[in-house]
Protein chains: 2
Amino acid sequence: VPVLAKDIAEPFPTVTLDTNAYEAAKLLAGRRLPGLIVIDAEQHPVAILPGSQVLNFAIPRYVQDDPRLAQVYDERAADELCAKLETRTVREVLPAKELRELEVVDGRATVMEVAAVMARQHSPVIAVIEKERVIGAITVSHLLNHILPQR
Amino acid sequence: VPVLAKDIAEPFPTVTLDTNAYEAAKLLAGRRLPGLIVIDAEQHPVAILPGSQVLNFAIPRYVQDDPRLAQVYDERAADELCAKLETRTVREVLPAKELRELEVVDGRATVMEVAAVMARQHSPVIAVIEKERVIGAITVSHLLNHILPQR
């Protein structure tokens, strides 16, 4: 019997498009995750929100272009960053591009199917769905854990 | 006193360009990491090896293009994947593009500088160097953990 995606999917925190961006950032920080799964009002997955995107949104372009500028206003920068996130939702932080690119696998997909999707998408995490709802996620390291020992 | 990169850098497993690709994959699987830092013979960081790249290298293109093909040869596929990795080095698995794109920060960079670099690079992890050698790494969630509670 082949191992299926639903067998190895792990609980993964989700946020909605209307979740406050600061709350999303705290979830990323607290759970030590590289990203969050974003779902819509019907619990359908619509995107992955990478932690780096939260920073990309919150940090002014001119500081990104010359990170040394961040040195001179360190504490104020952190305050401004948080303030900017607190007034925004996940929807506003996500680039439109991300909303179209989410790849999901069905719970009945085999681990090798999951590996193929992950490889093609260069994605460190894939959402697993059953009946259009997110039941968990599979990270690349978790997947490798299941593929490699078979040898 | 501002918090510096060296203060929050965490130990992070490294591999060299000559590390066996199968050993690198096992390290990714065992440590539950999204990627590894690749160093050269002088311990200079040269790239991040994402776990998805290991899959991208090992899984044939025609399976990536139609993941349903993976269903029909599940166990053989896992064996072939491991066999392919065992005969290769990290150098062979890394695309040339990745070798040029590694961003590092100096241990004396402030956390806001690290955030700015991470934001620009859309990277979930940044290597921290002192005297050109890797002393650890900072993940995006670890960084958010240090920025957010300041408010």
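Protein chains get the first letters and strands the later ones, always in sequence-line order, with residue 1 at the start of each. Note: hydrogens, waters and symmetry copies are ignored here, and every other heavy atom, side chains too, is used.
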**OP:** For each of A/Ala119, A/Ala58, A/Ala115, tally heavy-atom pairs with chain B at distances under 4.5 Å, and name the one with the top tally.
**Re:**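 Of the options given, most contacts go to A/Ala119.
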
Subject >> Among the listed options A/Thr139, A/Val140, A/Leu143, the residue most often paired with chain B at heavy-atom distances under 4.5 Å >> reply: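 With the most close heavy-atom pairs to chain B, the winner is A/Val140.
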
Original post:
For A/Leu81, is it the side chain, the backbone, both or neither that has a heavy atom under 4.5 Å from a heavy atom of chain B?
Top reply: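 The side chain, not the backbone.
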
Nearest-0.5 Å distance, [atom1] of residue [X] to [atom2] of residue [Y]:
X	Y	atom1	atom2	value
A/Glu113	B/Asp66	CD	CG	9.0 Å
A/Arg120	B/Asp65	CZ	CG	7.0 Å
A/Ser52	B/Gln121	OG	CD	10.0 Å
B/Met112	A/Glu80	CE	CD	8.5 Å

Original post:
Given B/Leu55 and A/Leu144, is the side-chain contact (heavy atoms from CB on, under 4.5 Å) satisfied, shown in steps?
Top reply: CA-CA 9 Å; B/Leu55 295 173; A/Leu144 284 168; 4.0 Å; yes

Original post:
Got a sec, which pairs hit salt bridge (Lys or Arg N to Asp or Glu O under 4.0 Å) with one end in residues 37-61 of chain B, sequence neighbours left out?
Top reply: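 Sorted result for residues 37-61 of chain B: empty, none.
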
Original post:
Which answer fits B/Ser123, side chain, backbone, both or neither, if we ask what part of it has an atom under 4.5 Å from a heavy atom of chain A?
Top reply: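 It is the backbone, since no side chain atom gets that close.
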
Original post:
What residues form a side-chain contact (heavy atoms from CB on, under 4.5 Å) with B/Glu130, not counting sequence neighbours?
Top reply: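 Residues passing side-chain contact (heavy atoms from CB on, under 4.5 Å) with B/Glu130: B/Lys6, B/Ile135.
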
Original post:
Does atom CD of A/Glu132 have more than 12 heavy-atom neighbours, drawn from other residues, nucleotides or ligands, at distances under 6.0 Å?
Top reply: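 It does not: A/Glu132 CD has 12 such atoms or fewer within range.
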
Subject >> B/Lys84 atom NZ: more than 12 heavy-atom contacts under 6.0 Å >> reply: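 For B/Lys84, atom NZ is crowded (more than 12 foreign heavy atoms under 6.0 Å).
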
**OP:** Flag the pair A/Asn145 / B/Leu28 as yes when at least one side-chain heavy-atom distance between them is below 4.5 Å, and no otherwise.
**Re:**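 Counting from C-beta outward, A/Asn145 and B/Leu28 never come under 4.5 Å.
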
Original post:
Would B/Ile59 end up clustered with A/Leu4 when hydrophobic side chains under 4.5 Å apart are linked, directly or stepwise?
Top reply: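 Different hydrophobic clusters.
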
